[in-house]
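To start, the structure itself, in structure tokens.
Lettering follows sequence order; numbering is per chain, from 1. Just so we're clear, the structure is a prediction, and the values are computed from it rather than from any experiment.
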Protein chains: 2
Amino acid sequence: MTAATPKGERRRQALVEAAADLLVDGGFDAIRHRAVAERAGLPLASTTYYFDSLEELVTAALEFQGNAELAYGKARLDELDPRECGGDAFVELVLDLLLGPSGDRDAEAVLLRYERLVATGRRPYLRPLMRRMSGELHALLFDIFTRAGQPVSRERVEELIALVDGAVVNALIEISPDPRAAARRMLRKAMQPR
Amino acid sequence: MTAATPKGERRRQALVEAAADLLVDGGFDAIRHRAVAERAGLPLASTTYYFDSLEELVTAALEFQGNAELAYGKARLDELDPRECGGDAFVELVLDLLLGPSGDRDAEAVLLRYERLVATGRRPYLRPLMRRMSGELHALLFDIFTRAGQPVSRERVEELIALVDGAVVNALIEISPDPRAAARRMLRKAMQPR
DNA sequence: CCCAATCTGGCACTAGCGTACCAAATTAGT
DNA sequence: ACTAATTTGGTACGCTAGTGCCAGATTGGG
């Protein structure tokens, strides 16, 4: 179902944003009709009125969140000054794109990015969306490397992404997970000139 | 709660195995009191009698499954003939250890191994167990490389594992996921002599 | 053999879920 | 302004979940 009126559109959007919020701090399982409605300050039935099913709501939330992240990445690309791309600063830039900007709750913020990769395994309906977003992220990274004067092949981009992703998922089981630090270590080693 | 009688111990074990089965083909969310009891052919209440909580049952199931995988890895190590360790065969061996033996339903079988890494992010109670199993797996791989006449540093083992893991999670979003193939590609490239 | 400990298993409670329903309110097109 | 379409929101249904309860069966130690 899609809204036909401006106010309806606003309400629908409020639901999507509420769902995205829940997604970020509780994962996919946190997106429930009642929780979304409550967070958006709307009645329960509005969630079924604007979305035919939970899957649709989950998809919309994921898309919203993913687009926000991609927009952030594009902004970073646009403001990129090729002269200020020293090794360490560049590594941090790549980490910002792949894991989100560094914050005080890294582990939590990063978790969702990997939950959704794995969750896609059991939720085939997310695959088209995930593929699109993943493709855009890869392209973005490719551009970043090029713009920064460190051109790489697309294959190399995939390698570096895999390295970061693998480092992250393995870091999640630590007592005090610090996935960003683990990824940083791997990335620095892989990118240092040989 | 722990069993005190032989029969009780057998029942408890049956529940653990039933839970592990469910874990493998439905993920963590598939471990429910009723589902476990039904699969084990036991009454619902037996699940709460032998396990104080679902968390305990989940933990036991994961440990059982993980130990089975580690045992498989150790068996492969023991039967390893250093002379038959050509490049490709060796890559397959490493993949067997990290992803499980190759089968016709790779994607499904592999999924659980990554679900549990990520799930640990939101289930801190699994961390000690995951750390132990992860540590043993790393050690096992280290031994395998050594025994195969390709000694590596522990750091290098971590790198290769990260590479494989990253390749896998990124492969899960494909229309027809083939995580093993993706991991194989990355691993071959990383291991080819330079 | 007996009795205390252990185990059994049917049942019911509460909570939360997705979803359906529908009268009332609001909005949009003419 | 009028009417048809859309939106609203309170409510209820059916289901499954985790868990508590407890009379009875089974078992093991002395």
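Here C/dT8 presents its C1' atom at 17 Å from CZ of B/R12, a figure rounded to the nearest Å. A straight line from OH of A/Y49 to C1' of C/dA23 spans 15 Å, rounded to a whole angstrom. The distance between atom CZ of A/F51 and atom P of D/dT7, rounded to the nearest whole Å, is 13 Å. Atom pair A/E9:CD and D/dT7:C1' shows a separation of 13 Å (rounding to whole Å applied).
Phosphate contact (OP1/OP2 of C/dG9, side-chain N/O of B/R11, threshold under 4.0 Å): present.
For A/R132, the CZ atom counts as densely surrounded, since its 6.0 Å shell holds more than 12 non-hydrogen atoms of other residues, nucleotides or ligands. Surrounding CD of A/Q150 are more than 12 heavy atoms belonging to other residues, nucleotides or ligands, all under 6.0 Å away.
One N or O on the side chain of A/T59 and one on the backbone of A/E55 form a donor-acceptor pair closer than 3.5 Å.
Nearest to the side chain of A/A45, among C/dG10, D/dT7, C/dC21, sits C/dC21. Of the candidates C/dC7, D/dT8, C/dG9, the closest approach to any side-chain atom of B/Y50 belongs to C/dC7.
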Original post:
Does the side-chain contact (heavy atoms from CB on, under 4.5 Å) test come out yes or no for B/L117 and A/L172, once each step is laid out?
Top reply: CA-CA 7 Å; B/L117 280 175; A/L172 290 176; 5.9 Å; no
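Aromatic rings from A/Y114 and B/Y114 are positioned such that their centres are separated by 6.0 Å or more.
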Original post:
How does each nucleotide of nucleotides 12-19 of chain C score, in 5' to 3' order, for protein heavy atoms under 4.0 Å: base (B), sugar-phosphate only (S), or none (-)?
Top reply: B----BBB
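Comment: B/K74 engages B/E136 in a salt bridge, judged by a side-chain N to carboxylate O separation of less than 4.0 angstrom. Electrostatic pairing of B/R116 and B/E69 counts as a salt bridge here, judged by a charged N lying under 4.0 Å from a carboxylate O.
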Please list, pair by pair, any protein nitrogen or oxygen found under 3.5 Å from a nitrogen or oxygen in nucleotides 25-27 of chain C.
{"unit_1": "C/dT27", "atom_1": "O3'", "unit_2": "A/T5", "atom_2": "OG1", "d": "3.3"}

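The structure places CD of A/E158 at 12.0 Å from CZ of A/F142, a figure rounded to the nearest 0.5 Å.
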